[in-house]
Amino acid sequence: MNNLEGKIVFITGASSGIGKACAFEFAKLKSNLILAARRKDRLNTIAEEIINEFGVKVQTLELDVRNFEEVKNKFDQLNSEWKQVDLLVNNAGLAKGLDKFYEGKLSDWNEMIDTNIKGLLNVSRVVAPQMIERQSGHIINIGSTAGHEVYTYGNVYSATKFAVSALSQSFRLDVLDKGIKISSVDPGMVYTEFGKVRFSGDVERADSVYKGIAPLSPTDVAEAIVFCATRPTNVNINELILTPIQQASSTQVYRK
Ligand code: NDP
Ligand code: 8X3
């Protein structure tokens, strides 16, 4: 699927950061978009901008990926043309808090596990069957360097991203005979609203994480996702890890 013109690309977490950047990058390739997130007002603004600039078709879905029934009902309500999703970008996700496990908040754990693991499963379970039927499609899961290596206080967030890595590998086995691609794109530090969400709106604390480094931009990551999505039919990128040049691993960062 190296030509994405007219293809349907479903992006979760499209109201901000990496997901929003993906919406613009795929619109540049003339894909039609399903943009999902909880903040519908933001999705509508993004959709309007994209339609005006690129002339592609855009559907917005107000969706909490944690709620399977909601995901299923909203998807079922799409007309049949929109249900033929060619590419699913499972991007919706978050970190909440940064604590030792014995001091962690249960509500933070539940939110991360329910969004990053169960949310990804919920959306995939609903979208994948039509790909299986058509023997065509691509699912790109957004993992993290935190899914390859833990860091201090990262416990549950890291566990969810290790789970995303396990799911990407498992999905690949499950669809091996179905002509469907499964990729994982795993970034290091990206400047988005991620830190603001993790620290419950404390922007100063969020920004301190990036002090002295030039982080990845959401567009840097979106371009890597587009790379995976535009390989020749016989090529699957299993896993793509990208970091800022000043980040060697989850724990090794060079700050100027
Ligand atoms: P942002 O906070 O900027 O974006 C997160 C997106 O996820 C938003 O659009 C948000 O939309 C959506 N989202 C969160 N919870 C839900 C939910 N329950 N249902 C539907 N949508 C939801 O962060 P990023 O762009 O950085 O994060 C995108 C992905 O990238 C995440 O999976 C994150 O773990 C991963 N990642 C981020 C890195 C970084 O350093 N920033 C590095 C590595 C991976 P809304 O609130 O409107 O629902
Ligand atoms: C986000 C990157 O290092 O903040 O997945 O966990 S990190």
Side-chain angles (χ1 to χ4, degrees), residues 1-2 4 7 9-14 17-23 25-26 31 36 65 85-95 112-128 131-132 136-151 154 156-190 192 194 215-244 247-250:
M1 203 168 44
N2 44 6
L4 290 176
K7 301 288 181 188
V9 178
F10 186 151
I11 303 164
T12 68
I18 296 167
K20 178 180 171 183
C22 283
E25 291 308 309
F26 284 107
S31 303
V65 295
V85 174
D86 297 291
L87 170 63
L88 167 63
V89 182
N90 273 319
N91 163 76
L94 43 72
M112 289 186 275
I113 291 167
D114 289 350
T115 308
N116 301 358
I117 305 175
K118 289 156 87 178
L120 181 148
L121 279 167
N122 290 341
V123 178
S124 303
R125 178 67 184 83
V126 165
V127 174
M131 291 183 177
I132 302 292
S136 168
H138 192 171
I139 299 175
I140 302 182
N141 294 327
I142 308 307
S144 170
T145 46
H148 295 270
E149 187 193 13
V150 297
Y151 54 89
V156 175
Y157 177 70
S158 271
T160 67
K161 291 301 183 176
F162 270 80
V164 169
S165 172
L167 288 173
S168 296
Q169 293 174 53
S170 303
F171 284 11
R172 231 168 357 253
L173 295 178
D174 292 345
V175 301
L176 192 55
D177 59 344
K178 302 286 187 247
I180 292 168
K181 298 185 183 190
I182 309 285
S183 306
S184 177
V185 173
D186 302 349
M189 299 163 88
V190 194
T192 62
F194 180 85
L216 298 172
S217 71
T219 302
D220 293 330
V221 182
E223 285 175 353
I225 294 166
V226 164
F227 176 80
C228 294
T230 51
R231 293 310 87 207
T233 314
N234 65 316
V235 178
N236 185 63
I237 305 290
N238 291 349
E239 188 176 273
L240 192 157
I241 304 175
L242 69 161
T243 65
Q247 181 180 21
S249 70
S250 277

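Predicted model, so just to flag it, every value in this text is computed and none were measured.
For the ring pair (Phe, Tyr, Trp, His ring centres under 6.0 Å) test, no residue two or more places apart in sequence or in another chain qualifies with Phe171. Glu239 pairs by the salt bridge (Lys or Arg N to Asp or Glu O under 4.0 Å) definition with nothing, not counting sequence neighbours. Residues passing the side-chain hydrogen bond (donor to acceptor under 3.5 Å, both in side chains) test with Asn116 are Thr160, sequence neighbours excluded. Among residues two or more places apart in sequence or in another chain, the ring pair (Phe, Tyr, Trp, His ring centres under 6.0 Å) test is passed with Phe26 by none. Every side-chain hydrogen bond (donor to acceptor under 3.5 Å, both in side chains) that Ser124 has, sequence neighbours left out, goes to Asn90. For Ser217, the side-chain hydrogen bond (donor to acceptor under 3.5 Å, both in side chains) partners two or more places apart in sequence, or in a different chain, are Asp220. Partners of Pro187 by side chain to side chain contact (heavy atoms under 4.5 Å, CB included), not counting sequence neighbours, listed by chain and number: Ile18, Ile142, Val190, Leu216, Val221, Leu242. Partners of Ile180 under the side chain to side chain contact (heavy atoms under 4.5 Å, CB included) rule, at least two apart in sequence or in another chain, are Met131, Ile132, Val175, Lys178, Ile182. Scored by the side-chain hydrogen bond (donor to acceptor under 3.5 Å, both in side chains) test, Ser31 finds no partners at all (sequence neighbours excluded). Evaluation of the side chain to side chain contact (heavy atoms under 4.5 Å, CB included) rule for Ser184 yields Ser168, Asp186 as partners, not counting sequence neighbours. Looking at residues two or more places apart in sequence or on another chain, you find a side chain to side chain contact (heavy atoms under 4.5 Å, CB included) between Tyr151 and Leu98, Ala146, Tyr157, Ser158, Arg198, Ser250, Thr251.
For the 3.5 Å distance criterion, the side chains of Glu223 and Thr219 fail to qualify, holding no donor opposite an acceptor.
Side-chain atoms of Asn141 never come within 3.5 Å of backbone atoms of Val164 as a donor-acceptor pair (strictly under, hydrogens ignored).
Applying the salt bridge (charged side-chain N to carboxylate O under 4.0 Å, His left out) rule to pairs touching residues 114-123 yields Asp114-Lys118, sequence neighbours excluded.
Residues Lys181 and Val235 share a closest heavy-atom pair of NZ-O, 2.6 Å.
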